Amino acid sequence: MKTSPAANELLEWYDRHARTLPWRVSPEDRRLGVVPDPYHVWLSEIMLQQTTVAAVKDYYVKFLSLWPRVGDLAAAPEEDVMKAWAGLGYYSRARNLKRCAETVADQHEGSFPETAEGLLALPGVGPYTAAAIAAIAFDQPAAVVDGNVERVMSRLFEITTPLPEAKPEIKAVMTALTPASRPGDFAQAVMDLGATLCTPKRPACSLCPWSSGCEARASGLAETLPRKAPKKTKPTRTGAAFVALRESDNAVMLRRRPPKGLLGGMSEVPGTEWSVDADEAGFVLSAPLQDSGTDLDWRPVAGVVRHTFTHFHLELTIFRAHVPDSTLLPGNCWWSAPAELPDEALPTVMRKAIEAAF
DNA sequence: AACGCGTGGAA
DNA sequence: TTTCCAAGCGT
């Protein structure tokens with residue numbers, strides 16, 4: 001099969017410099033006939049959405065250990081999936097992951113659709129992920145466009161139109177560049193290039209296999225591309241979290257968050273709303289177990305827990321109280337002993353809050 | 001179309 | 001300390 005010179009240059013670079021990743025079939029193994037498992041490709045791509053390779057690795061290994069095949073994940077309780085995902089962020093991905101596994105198991109006889117169009121219909125699979133699975137798992141010449149590809153292409157062709165307006169043009173040049181042979185390795189090669197050489201800051205152009213043909217390298221604009229709209233500043237919200245400790249064993253009182261929205265479906269310690277104009281003086285009035293029959297001694301813990309979400313900063317004041325074992329819990333709450341906390345579906349902000357109380 | 005949605009590492 | 005941002009998706 002014929003490959004464009006540009007694609008060949010990059011594929012030769014990839015053959016020598018491809019990163020070794022737990023979910024990746026190396027170019028050498030590919031040549032020997034090793035075929036990627038679509039389940040592995042899908043799982044890794046969902047985890048990698050807006051998430052660094054370093055953060056994903058351990059989660060990927062753990063998920064494959066817990067659920068070796070897509071049918072295992074489909075059969076798992078959603079609660080277990082949320083627990084295993086805890087800490088990785090963007091928790092709607094975990095719920096969609098479970099729904100997608102069920103769809104593949106129940107409606108596709110356990111096999112992933114092999115076209116980008118079919119993949120696009122799956123929960124949690126958007127244009128990027130559909131193209132990535134089609135190319136990497138099924139060897140189809142789909143144009144795979146992620147943040148790395150946007151950066152590489154905007155520099156290679158000196159696209160000065162700001163994102164997201166430039167997306168159609170970037171998609172077009174990636175489509176034109178994607179070879180019929182080794183489209184999966186090509187997609188991974190462009191992403192590796194963006195991750196290791198064509199980086200957002202201080203790109204290593206001297207090491208780049210595409211440097212001689214790169215328009216932004218020639219004009220000196222490389223580091224300024226791609227152009228993006230300025231970010232909005234994040235407001236700071238404040239609130240309180242209440243760590244109730246059972247007297248006999250220091251078990252922590254937990255409850256479930258609503259299924260949608262921020263940290264949807266995850267576990268938490270009880271707390272106030274998080275608002276920009278919180279009434280800090282009245283925090284303790286919102287403490288749980290007010291009608292438990294015992295007058296609980298809620299005490300503020302020194303220092304404030306700071307955490308940053310996608311669109312706001314949070315400053316949490318932590319209150320702590322010891323609670324008699326006989327205390328009746330609200331119906332939506334449960335006790336979690338210290339030894340059980342690591343396995344709870346606690347997002348990082350809640351682990352920080354609990355940690356501050358100990 | 002623009003916004004909501006986590007986290008941790010780098011600079 | 002603060003900002004930036006990393007293999008996006010759903011609404």
Side-chain angles (χ1 to χ4, degrees), chain A residues 18-19 21-24 40-60 82 85-97 99-100 119-137 142-152 162-165 167-168 171 174 184 186-196 198-202 223 226 228-237 257-266 268 274 306-315 345-352:
Chain A
R19 288 177 292 174
L21 302 169
W23 47 85
R24 174 175 286 178
H40 297 179
V41 176
W42 164 74
L43 178 61
S44 66
E45 291 299 343
I46 300 299
M47 289 183 165
L48 285 162
Q49 289 168 6
Q50 295 289 286
T51 308
T52 58
V53 164
V56 164
K57 280 182 178 171
D58 289 349
Y59 284 88
Y60 173 82
M82 301 311 289
W85 194 277
L88 197 53
Y90 286 132
Y91 297 100
S92 66
R93 288 185 298 170
R95 289 192 301 278
N96 285 332
L97 185 84
R99 286 179 49 210
C100 184
L119 290 159
L120 191 55
L122 297 171
V125 176
Y128 160 75
T129 306
I133 299 172
I136 297 168
V144 179
V145 180
D146 75 331
N148 288 304
V149 176
E150 288 176 346
R151 185 169 58 257
V152 170
L163 290 169
E165 194 183 339
K167 280 174 179 279
K171 172 97 167 180
M174 186 62 179
F186 180 77
Q188 294 177 94
V190 181
M191 292 189 283
D192 272 24
L193 189 69
T196 62
C198 196
T199 49
K201 298 167 187 172
R202 296 182 56 96
E223 200 160 354
K228 307 182 181 184
K231 314 243 175 189
K232 293 174 181 174
T233 61
K234 293 176 180 177
T236 297
R237 299 189 195 176
R257 289 178 64 86
K260 294 190 174 185
L262 186 66
L263 309 177
M266 302 298 285
E268 67 174 359
W274 300 338
R306 297 176 189 281
H307 190 80
T308 299
F309 293 99
T310 313
H311 54 295
F312 66 93
H313 303 290
L314 177 64
E315 294 179 356
L346 287 166
T348 297
V349 63
M350 291 300 156
R351 295 195 185 277
K352 286 186 188 176

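Treat the numbers as computed from the prediction; the structure is a model and nothing was measured. A note on names: the letters A, B, ... follow the listed sequences, proteins ahead of strands, and every chain is numbered from 1.
- Inter-residue side-chain proximity for Tyr128(A) and Glu45(A) is flagged as met; some heavy-atom pair is nearer than 4.5 Å.
- Checking dG4(B), dG8(C), dG6(B) against every side-chain atom of His311(A), the shortest atom distance belongs to dG4(B).
- Counting non-hydrogen atoms under 4.0 angstrom, Trp85(A) reaches nothing in the nucleic acid.
- Look at Lys201(A) and you won't find any side-chain N or O under 4.0 angstrom from OP1 or OP2 of dC5(C).
- Take the nearest nucleotide of DNA chain B for Tyr91(A) and for Pro164(A): the residue whose nucleotide is more 5' is Pro164(A).
- Atom CG in Asp192(A) sits about 15 Å away from atom P in dA6(C), given to the nearest Å.
- A donor N or O paired with an acceptor N or O is not found under 3.5 Å between the base of dG8(C) and the side-chain atoms of Thr129(A).
- Donor-acceptor pairing under 3.5 Å, judged by distance alone, is absent between the side chain of Thr348(A) and the base of dG8(B).
- In this structure, a donor-acceptor pair under 3.5 Å is absent between the side chains of Asn96(A) and Arg93(A).
- Using the six-membered ring where Trp is involved, Phe312(A) and Phe309(A) have ring planes that are tilted, between 30° and 60° apart.
- Rounded to an integer number of Å, the gap from Asn96(A) CG to dT11(C) P is 8 Å.
- Looking at heavy atoms from C-beta onward, Tyr90(A) lies out of side-chain contact with Gln49(A) at the 4.5 angstrom threshold.
- Atom C1' of nucleotide dC5(B) and atom CE of Met266(A) are separated by 13 Å, given to the nearest angstrom.
- DNA chain C is contacted by both Gly126(A) and Lys228(A); Lys228(A) maps to the nucleotide lying nearer its 5′ end (nearest heavy atom per residue).
- Taking atom OH of residue Tyr90(A) and atom P of nucleotide dT11(C), one finds them 16 Å apart after rounding to whole Å.
- If Leu120(A) and Leu21(A) are placed on DNA chain C by their nearest nucleotide, the residue sitting closer to the 5' end is Leu21(A).
- Rounded to whole Å, the distance from CG on Leu48(A) to P on dA6(C) is 14 Å.
- Protein atom NE2 of His307(A) is 13 Å distant from nucleotide atom P of dC5(B), rounded to whole Å.
- Without hydrogens or angle criteria, Tyr91(A) side chain to Gly261(A) main chain gives no donor-acceptor distance under 3.5 Å.
- Straight-line distance from the CG atom of Asp146(A) to the P atom of dG8(C): 5 Å, rounded to whole Å.
- When the P atom is used for both dG8(B) and dC9(C), the distance is 22 Å, rounded to whole Å.
- For the pair Gln50(A) and Ala54(A), nearest-nucleotide mapping onto DNA chain B gives the more 5' position to Gln50(A).
- Arg306(A) places no side-chain N or O within 3.5 Å of a backbone atom of His313(A) that could act as its donor or acceptor partner.
- Between the P atom of dG8(C) and the CD atom of Glu150(A) lies a distance of 8 Å, rounded to the nearest Å.
- Of the listed nucleotides (dT3(C), dC5(B), dT7(B)), dT3(C) has the atom at the smallest distance from the side chain of His313(A).
- Dashed line: the shortest gap from a side-chain N or O of Arg93(A) to OP1 or OP2 of dG10(C) is not under 4.0 Å.
- Taking only side-chain atoms of Tyr128(A), from C-beta outward, the nucleotide of dC9(C), dA6(C), dC5(B) with the closest atom is dC9(C).
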